[in-house]
Amino acid sequence: MKPHQLDLNLLLTFDALMRTRSVTLAGERIGLTQSATSNALQRLREAFGDPLFVRTPAGMQPTALAMNMGDEISNVLERIQRVLEGSRVFDPATSQHTFRILVSDIAQVTLIPDFMRLLRERAPHVDLVNLSLPLRNAKEALAAGELDLAVGFIPELGPDYHRQSLDQEHWTCIVSARHATIGDTLTQSQYLESAHLSYRPPASIHASLDKLLDAQFEGRSVRRRIALSVPYFSGLALTVARTDLILTAPSALARAMTEMAAVRIVPLPFELPPIDLNMQWHDQVHRDPANIWFRRIFASSYAERAMRPSERRTLPHD
């Protein structure tokens with residue numbers, strides 16, 4: 001036997017001959033002409049040093065060697081087929097896949113709770129790991145296959161990355177529900193004269209969020225007095241609730257904070273451009289069935305969370 005002369009196509013020819021006992025029918029079964037099938041049979045004979053199939057009035061009959069190998073080769077081809085098909089199919093109900101996602105602590109509060117509920121319903125054996133990385137490291141991790149999805153207020157990462165917008169957030173103000181001087185509205189003079197709380201995460205994809213806000217103020221003669229600057233989200237809502245500080249933040253974060261402490265949302269007294277909340281992933285997982293499903297269910301979870309209570313509905317299963 002000369003195994004180096006074999007390839008998968010020859011084994012497919014062998015299996016087709018075993019099943020049909022005809023060169024013509026075997027060729028039709030695997031999409032080869034009669035001459036190409038005859039040539040493949042000749043190569044099989046040379047590789048095994050055996051005729052393998054002998055022409056008789058009843059068709060091409062297998063030799064003893066071919067009979068001995070027939071079932072094993074058929075089983076091997078079936079296993080290969082299952083592996084290849086399985087790599088293109090993702091079953092969330094049975095999968096034990098682990099997805100790695102990057103969201104900031106803002107999204108940890110505003111997005112992950114509803115997403116995790118939906119994930120547990122649709123894919124009870126799937127695990128989720130939320131990483132904390134600066135944007136530059138996140139880009140490298142996506143390209144290296146160490147990260148499946150990055151979610152947040154992320155700029156375009158480059159030509160090898162795909163991007164899907166989830167929503168456009170707007171800037172708003174959060175103040176204590178018992179604020180002594182600010183009511184349902186806020187004037188620009190009140191805004192400028194008030195003390196502010198600045199939220200600047202140290203090592204996440206939102207590390208520059210407050211810097212982005214400052215950049216928007218340039219040219220508007222807006223100079224805030226930052227009375228307190230904090231790197232962590234924990235305690236942010238309580239700090240606002242118990243002080244006269246103003247926090248300027250994305251609308252989703254503001255809504256989440258109203259459920260945590262006695263704070264309320266007040267419109268910003270001037271217009272600022274919206275900020276794009278998006279998710280991005282690398283081209284290497286763009287066509288992967290598992291990642292396609294994961295991105296779809298994440299976007300569905302966000303859409304469901306963003307609906308007003310009267311508009312909430314049951315989302316279709318993916």
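Treat the numbers as computed from the prediction; the structure is a model and nothing was measured.
The ring-ring contact (aromatic ring centres under 6.0 Å, His included) search around Phe298 returns Phe115, not counting sequence neighbours. For Asn130, the side chain to side chain contact (heavy atoms under 4.5 Å, CB included) test picks out Ile101, Val103, Gln108, with sequence neighbours left out. Taking the ring-ring contact (aromatic ring centres under 6.0 Å, His included) definition, one finds that His196 meets it with Tyr191, sequence neighbours left out. Legend: residues meeting salt bridge (Lys or Arg N to Asp or Glu O under 4.0 Å) with Arg163, ordered by chain and number and at least two apart, are Glu156, Asp276. By the side-chain hydrogen bond (donor to acceptor under 3.5 Å, both in side chains) test, Thr185 is found to be paired with no residue, residues two or more places apart in sequence or in another chain being considered. For Asp283, the salt bridge (Lys or Arg N to Asp or Glu O under 4.0 Å) partners are Arg287, not counting sequence neighbours. Residues satisfying the side-chain hydrogen bond (donor to acceptor under 3.5 Å, both in side chains) test with Ser74, not counting sequence neighbours, are Arg19. Shown here are the ring-ring contact (aromatic ring centres under 6.0 Å, His included) partners of Phe233, two or more places apart in sequence or in another chain: there are none. For Gln284, the side chain to side chain contact (heavy atoms under 4.5 Å, CB included) criterion is met by His282, not counting sequence neighbours.
Outside the 6.0 Å centre-distance limit, the rings of Phe90 and Phe294 are not counted as a close aromatic pair.
Other residues, nucleotides and ligands place no more than 12 heavy atoms under 6.0 Å from the CZ atom of Arg120.
In this structure the side chain of Thr37 reaches within 4.5 angstrom of the side chain of Leu32, judged on heavy atoms. No side-chain heavy atom of Arg224 sits under 4.5 Å from any side-chain heavy atom of Ile246. At a threshold of 4.5 Å between non-hydrogen side-chain atoms, the residues Val76 and Ile73 do not count as touching. Contact of the Thr172 side chain with the Val266 side chain is not registered, since no non-hydrogen atoms from C-beta on lie closer than 4.5 Å. Side-chain contact check for Arg264 versus Val175: some heavy-atom pair is nearer than 4.5 Å. By the 4.5 Å heavy-atom criterion applied to side chains, Leu102 and Val151 are not counted as neighbours.
A distance of 5.0 Å separates CZ of Arg117 from CD of Glu121, quoted to the nearest 0.5 Å. Leu197 contributes atom CG, which lies 5.0 Å from atom CG of Leu247 (distance to the nearest 0.5 angstrom). For the atom pair Leu272 CG and Trp171 CH2, the distance stands at 8.0 Å (nearest 0.5 Å). Atom OG in Ser229 sits 11.0 Å away from atom OH in Tyr199 (nearest 0.5 Å). With rounding to the nearest 0.5 Å, the separation of OG1 in Thr248 from CG in Leu253 is 11.0 Å. Atom OG of Ser22 sits about 8.5 Å away from atom CZ of Arg55, to the nearest 0.5 Å.
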Checklist line | CA sep, side-chain torsions, deciding dist, call: Arg43, Asp7, salt bridge (Lys or Arg N to Asp or Glu O under 4.0 Å) | finding: CA-CA 10 Å; Arg43 292 173 59 195; Asp7 60 36; 3.5 Å; yes

Checklist line | Criterion side-chain contact (heavy atoms from CB on, under 4.5 Å) on Ile30 and Asn9, from CA distance to verdict | finding: CA-CA 9 Å; Ile30 57 178; Asn9 289 325; over 6 Å; no

Note to self: Under the criterion side-chain contact (heavy atoms from CB on, under 4.5 Å), I'd like the reasoning laid out for Arg295 against His286: C-alpha separation, chi angles, the key distance, then a yes or no.
What the structure shows: CA-CA 10 Å; Arg295 297 192 301 267; His286 182 60; 3.9 Å; yes

Notebook entry, point to check: Phe14 and Phe53: ring-ring contact (aromatic ring centres under 6.0 Å, His included), yes or no, with the steps?
Noted result: CA-CA 9 Å; Phe14 176 90; Phe53 296 92; 5.5 Å; yes

Margin query: Could you walk me through whether Met279 and Leu166 satisfy the side-chain contact (heavy atoms from CB on, under 4.5 Å) test, starting with their C-alpha distance in whole Å, then the side-chain angles of each, then the deciding distance to 0.1 Å, before giving a yes or no?
Written below: CA-CA 7 Å; Met279 59 184 189; Leu166 295 172; 4.2 Å; yes

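Linking ILVMFWY side-chain heavy atoms closer than 4.5 Å, directly or via other members, places Leu12 and Leu10 in a single hydrophobic cluster. Ile265 and Leu268 fall into different hydrophobic clusters, where Ile, Leu, Val, Met, Phe, Trp and Tyr side chains are chained together by heavy-atom contacts under 4.5 Å. In this structure, Val263 is a member of the same hydrophobic cluster as Val230, with clusters built from ILVMFWY side-chain heavy atoms closer than 4.5 Å. Cluster membership for Val126 and Ile292, using ILVMFWY side-chain heavy atoms within less than 4.5 angstrom, is not shared. Under the 4.5 Å side-chain contact rule for hydrophobic residues, Leu11 and Met18 share a cluster.
Side-chain N or O atoms of Glu169 include none that pairs as donor or acceptor with a backbone N or O of Phe153 at under 3.5 Å. Side-chain atoms of Arg45 never come within 3.5 Å of backbone atoms of Ala40 as a donor-acceptor pair (strictly under, hydrogens ignored).
Contact detail for Ala227 and Ala195: the closest heavy-atom pair is CB-CB, 3.7 Å. For the residue pair Ser194 and Gln190, the shortest heavy atom distance occurs at OG-O, 2.6 Å. Between Ser95 and His125, the shortest heavy-atom distance links the atoms O-CB, 3.2 Å. Residue Gln164 comes nearest to Ala299 through the heavy atom pair NE2-CB, 3.7 Å, listed as atom of the first residue, atom of the second, then distance. Arg29 and Ala16 get closest at one heavy-atom pair: CD-CB, 3.9 Å. Shown here for Ser165 and Asn278, the closest heavy-atom pair between the two residues is CA-CB, 3.9 Å.
Thr33 and Ser35 form a side-chain donor-acceptor contact under 3.5 Å, judged by distance and modelled atom types alone.
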For residues 133-150, run the donor-acceptor check on the side chains, cut-off 3.5 Å, and write out each pair with its distance to 0.1 Å, sequence neighbours left out.
unit_1	atom_1	unit_2	atom_2	d
Lys139	NZ	Leu157	O	2.7
Asp148	OD2	Arg100	N	2.7

Mind listing the side-chain donor-acceptor pairs of residues 58-70 below 3.5 Å, one per line with the distance, residues two or more places apart or on another chain?
unit_1	atom_1	unit_2	atom_2	d
Gln61	OE1	Arg21	NH1	3.4
Gln61	NE2	Ala58	O	3.4
Thr63	OG1	Asp50	OD2	2.8
Thr63	OG1	Ala66	N	3.4
Asn68	ND2	Ala64	O	3.3

Sequence neighbours excluded and cut-off under 3.5 Å, please list the side-chain donor-acceptor pairs for residues 235-245, or say none.
unit_1	atom_1	unit_2	atom_2	d
Thr239	OG1	Gly235	O	2.7
Thr243	OG1	Thr239	O	2.7
Thr243	OG1	Leu245	N	3.2

